[in-house]
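Inspection log for the structure reproduced underneath, given as structure tokens.
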Amino acid sequence: MIEELIQNGDYLEALSYLTDLNDEQTRYLRLVCLIGLQEYQQVKEEGMYAKAHAKDTYYDVVSMYVTALKELQEFEEAIDILIEELSMPYIPYEYESIFNAAYDQILLDKQEARYELESKNQIFSIAEIEQLLKNKECNDELIYMALDQLQQLNIRLIIPTVREYLMDPRQDFFVKTLLLEILVDQQVDDEFEVEKFGEYYDLNPVFQPLVLEQNAYQGIGHYLEKNIEDENPSLYQQCLDYLEYYLYSIYPSQIYDDDYRIIAATIHYYVATLQSIEIDEEDIEIMYYCTMEEIEKMKLTFNRIEVI
């Protein structure tokens, strides 16, 4: 009967029957009713005891308790609880998914609540950023906000998590590059292995240039500038944008001097095609001293990372 009352939204009436606080299920159902009534402070008070004494209902009680903390804008406590739970090796998969989603949402709520009061680089702690990197299904907005802040923090504090992310084929290739740039910028002197599109690279950030400080950026950009800028400045800028994305995508893969003109030709040809700009294949071959066969072969590497 109590479950039926709860399903119908009759929370007050259900509470009148839920009086045995020595019973674990009763304590949990009281939290459900109080959440339904938006009595979040009372949920926090009762939830603290329920969480400490829960067994079979433990993860459900934690969910209710965290929900109350979120609504009360007590974000730090909610985050600490979720980080602790997600760090446990035995958490059931279904609750791991729920807690990861809750963690992302609470960070967004925290950011929104503090946006006008704090500068952007004060929003996340290093522990919160680390948890985001551990989350296999992280919200894109959150991860880029976190990486933006990580530039101001000490990435050395989370090196094991960064190593795991860089090696995981399931993780975002672009985020991996941004992490590598932070390692380079902070002059982290250590060996790392990075997975990109099935290839593995060993590197030490101390000896790595930033993405746009590579010789390849200047070299390929030179060919694009020489052949496009004066004729079509808008197309030139679009080609540069694609070049930057391409380099960020494949980093730290090495690009050899002989490939500069072919990559430039391929970007020029493909971007022009997308813009419905007529372009003669022979003109492209002459401008970049390459063949259409070489261009088509290079396009395969672009397609692999869906650059264009």
Side-chain angles (χ1 to χ4, degrees), residues 1-115 117-118 123-139 141-143 146 158 161:
M1 180 182 71
I2 293 175
E3 285 81 359
E4 185 176 345
L5 289 172
I6 291 174
Q7 288 177 0
N8 293 332
D10 297 324
Y11 302 117
L12 278 175
E13 186 176 352
L15 278 173
S16 67
Y17 294 100
L18 296 168
T19 57
D20 184 6
L21 297 183
N22 292 319
D23 178 69
E24 177 179 346
Q25 184 69 14
T26 296
R27 293 194 297 266
Y28 164 64
L29 291 177
R30 282 185 62 83
L31 297 180
V32 173
C33 292
L34 291 170
I35 287 287
L37 293 169
Q38 299 183 8
E39 295 288 347
Y40 302 119
Q41 187 60 43
Q42 190 171 346
V43 173
K44 179 185 175 183
E45 294 170 2
E46 294 192 19
M48 190 177 300
Y49 179 87
K51 177 176 176 289
H53 296 83
K55 294 181 180 178
D56 294 338
T57 63
Y58 178 77
Y59 292 107
D60 294 313
V61 167
V62 169
S63 295
M64 295 294 103
Y65 189 58
V66 167
T67 296
L69 292 174
K70 170 180 171 294
E71 295 298 330
L72 293 169
Q73 295 195 3
E74 298 185 18
F75 302 119
E76 300 301 335
E77 184 179 351
I79 288 168
D80 288 345
I81 290 172
L82 290 171
I83 288 177
E84 180 181 2
E85 295 300 333
L86 288 167
S87 68
M88 298 299 175
Y90 47 77
I91 180 173
Y93 174 76
E94 62 271 22
Y95 290 102
E96 181 180 12
S97 299
I98 292 171
F99 289 173
N100 271 322
Y103 182 82
D104 286 359
Q105 186 58 52
I106 289 172
L107 285 185
L108 287 172
D109 291 347
K110 174 187 173 183
Q111 184 268 346
E112 183 177 353
R114 296 187 179 183
Y115 185 79
L117 299 176
E118 301 182 21
I123 293 172
F124 300 128
S125 70
I126 193 72
E128 292 165 353
I129 295 173
E130 182 174 35
Q131 186 58 47
L132 283 173
L133 292 173
K134 290 179 179 179
N135 186 353
K136 297 298 188 294
E137 299 177 357
C138 182
N139 178 287
E141 180 183 357
L142 278 175
I143 195 66
I158 57 171
T161 299

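These numbers come from the heavy atoms of this one structure, side chains and all, not from hydrogens, waters or symmetry mates. Throughout, residue positions are numbered sequentially from 1 according to the sequence presented. This structure is a prediction, so every number in the text was calculated from the model and none was measured.
Between Ile143 and Leu133, some side-chain heavy-atom pair lies under the 4.5 Å cut-off. Counting heavy atoms from C-beta on, the side chains of Leu132 and Asp104 come closer than 4.5 Å. Contact check for Glu3 versus Leu29: side-chain heavy atoms found under the 4.5 Å cut-off.
Rounding to the nearest 0.5 Å gives a distance of 16.0 Å between OH of Tyr65 and NZ of Lys70. Here the CG-CG distance, from Leu69 to Asp80, works out to 10.0 Å after rounding to the nearest 0.5 Å. Distance check: Leu107 CG to Phe75 CZ gives 10.0 Å after rounding to the nearest 0.5 Å. Atoms CG and CG, on Leu86 and Asn100 in that order, are 5.0 Å from each other to the nearest 0.5 Å. A distance of 15.0 Å separates OH of Tyr11 from OG of Ser16, quoted to the nearest 0.5 Å. Note that CD of Glu76 and CD1 of Ile81 are 12.0 Å apart. Values are rounded to the nearest 0.5 Å.
More than 12 heavy atoms of other residues, nucleotides or ligands sit less than 6.0 Å from atom CD of Glu94.
Residues passing the side chain to side chain donor-acceptor pair (under 3.5 Å) test with Thr26, sequence neighbours excluded: Asp23. Residues that satisfy the side chain to side chain donor-acceptor pair (under 3.5 Å) test with Tyr103, not counting sequence neighbours, are absent from this structure.
Listed by first then second residue, pairs satisfying salt bridge (Lys or Arg N to Asp or Glu O under 4.0 Å) with a partner in residues 125-134 read Lys110-Glu128, not counting sequence neighbours. Among pairs with a residue in residues 13-22, none fulfils salt bridge (Lys or Arg N to Asp or Glu O under 4.0 Å), at least two apart in sequence or across chains. The ring pair (Phe, Tyr, Trp, His ring centres under 6.0 Å) contacts involving residues 41-63 comprise Tyr49-His53, Tyr59-Tyr95, where partners must be two or more places apart or lie in separate chains. Pairs of residues two or more places apart, or lying in two chains, that qualify as salt bridge (Lys or Arg N to Asp or Glu O under 4.0 Å) and include a residue from residues 39-63 are Arg30-Glu46, Lys44-Glu74.
The minimum heavy-atom distance between Phe124 and Leu142, with the atom names listed, is CZ-CD2, 3.9 Å. In plain terms, the two heavy atoms of Gly47 and Leu31 that are nearest each other are N-CD2, 3.7 Å. Minimum interatomic distance between Ile83 and Ala127 (heavy atoms only, all atoms of both residues): CD1-O, 4.0 Å. What you find for Val43 and Ala68 is that their closest heavy atoms are CG1-CB, 3.4 Å. Across every non-hydrogen atom of Ser63 and Ile98, the tightest pair is OG-CG2, 4.4 Å.
Defined by atom type and a distance below 3.5 Å, a donor-acceptor pair is missing between the side-chain atoms of Gln131 and Asn135.
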Would you please test Val66 and Phe99 for side-chain contact (heavy atoms from CB on, under 4.5 Å) and show each step? CA-CA 9 Å; Val66 167; Phe99 289 173; over 6 Å; no
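In this structure, the side chain of Glu24 engages the main chain of Thr57 through a donor-acceptor pair within 3.5 Å.
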